[in-house]
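Both ligands and their constituent atoms are indexed starting at 1 by order of listing.
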Amino acid sequence: MSRVAYVNGRYVPHAQAGVHIEDRGYQFADGVYEVIALIGGTFLDEEGHHERLERSLRELRIAQPMGRKALSHVLRETVRRNRLTSGIVYLQVTRGVARRDHPFPANAQPSLVVTARRIKGPSSQAVEQGVGVITTPDIRWLRRDIKSISLLPNVLAKQAARENKAYEAWLVGEDGVVHEGSSTNAWIVTKEGVLVTHPPADAILNGITRLGVLAAARKQGIRVEERPFTVDEARKAKEAFISSTTSHVIPVVAIDGQPVGNGHPGEITRALLAGYLAGFGLSSGSFL
Ligand code: PDD
């Protein structure tokens, strides 16, 4: 069956879907996006993604292409037309099409593109054995709280990870603080069993999965500290992991080739994955 994309009011064959060459997303990366997971026909925290999308748009003063209810309908219709039950929906809003000129155009209409595709969840090998990360300087702009489509530093970091046979690259500030991964949030569990992750300041994207994991931690009575941690602290941690819409929770067992803790996925990480999924009535059996 051929894939279908939504582009500015029309459902079109994916292979022929396109926007104008003077779309400001193409010219300036002047836009924002969201990735929402779908498991067994259910979106994971759709409302959270709407809220963050609306916030990103407000921060960049891009008009909302449509209200939340209408957008939700488009997401569902795109899923339906692609006969998808599990996978991801990608949505992107840009400031629209206008002659290339840096200031905001006077009359552009925001562009909205929605695609859906099957993806396998994280592999059972990644979840059960854990993955390695590398560390690399965070060379991004200072508004990482906005889910902007300007992802060049993230692309370079992820490529560096692949070339070093690692799953993810952790982006590190000049002070040695781990901000987050190139497309995931970063976490450690200290020897005292405290869960630590960077606070949701401008330095990181406040992941929707991150919020779900925090809720699961609180429910399980795990002590949580939202504070910066350094690469050094992470190396000495008992456990580490990453979280995102597509990864859920994946244990990190090595940083720059050095084992974290005993080099195996930790108990708290496992419990948090289970707790996070349970928040949606799911277990890892739903996708592994
Ligand atoms: N990435 N940090 C960054 C820089 C991200 O790009 C992402 C998400 C996250 C995790 O956010 P969430 O839990 O809301 O997925 C953190 C998406 C999945 C992507 O770019 O494909």
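- Protein heavy atom in closest approach to atom 11 (O) of ligand 1: G207 CA, 3.4 Å.
- Heavy-atom separations between Y33 and ligand 1 include at least one value shorter than 4.0 Å.
- Side-chain atoms of D30 and T94, non-hydrogen and from C-beta on, never get closer than 4.5 Å to each other.
- Here atom 17 (C) of ligand 1 lies nearest to K147 when heavy atoms of K147, H49, E180 are compared.
- In this structure, E34 does not count as a contact residue of ligand 1, since none of its heavy atoms falls inside 4.0 Å of the ligand.
- For the side-chain hydrogen bond (donor to acceptor under 3.5 Å, both in side chains) with T269, the qualifying choice from K238, E239, H264 is E239, the only one to do so.
- A side-chain contact (heavy atoms from CB on, under 4.5 Å) with I242 is found for exactly one of N185, I250, T209, namely I250.
- If you check the side chains of H50 and E46, you find a donor sitting under 3.5 Å from an acceptor.
- Contact annotation: G181 has at least one heavy atom less than 4.0 Å from an atom of ligand 1.
- Salt-bridge annotation for E54 and R58: absent, with no side-chain N of the basic residue lying under 4.0 Å from a carboxylate O of the acidic one.
- At the top of the distance list for atom 15 (O) of ligand 1, counting protein heavy atoms only, stands T245 OG1, 2.6 Å.
- Look at S182 and you'll find a heavy atom under 4.0 Å from some atom of ligand 1.
- Regarding atom 21 (O) of ligand 1, its nearest protein heavy-atom neighbour is V35 CG2, 3.7 Å.
- Scanning all protein heavy atoms for the shortest distance to atom 10 (C) of ligand 1 gives N185 OD1, 3.7 Å.
- By the 6.0 Å and 45° rule, R95 stacks over the aromatic ring of F104.
- In T184, the part holding a heavy atom less than 4.0 Å from any atom of ligand 1 is the backbone.
- Of the protein's non-hydrogen atoms, S183 O, 3.3 Å is the one closest to atom 7 (C) of ligand 1.
- Ranking the protein heavy atoms by distance from atom 13 (O) of ligand 1 puts T209 OG1, 2.6 Å first.
- Ligand 1 has an N or O atom lying under 3.5 Å from an N or O atom of R52, backbone or side chain.
- Taking CG of L277 as the reference point, atom CG of L44 lies at 7.5 Å (rounded to 0.5 Å).
- Residues S72 and R68 have side chains that never bring a donor and an acceptor to within less than 3.5 angstrom of each other.
- Ion pairing of R52 with E34 is present here, as a side-chain N (NZ or NE/NH1/NH2) and a carboxylate O approach within less than 4.0 Å.
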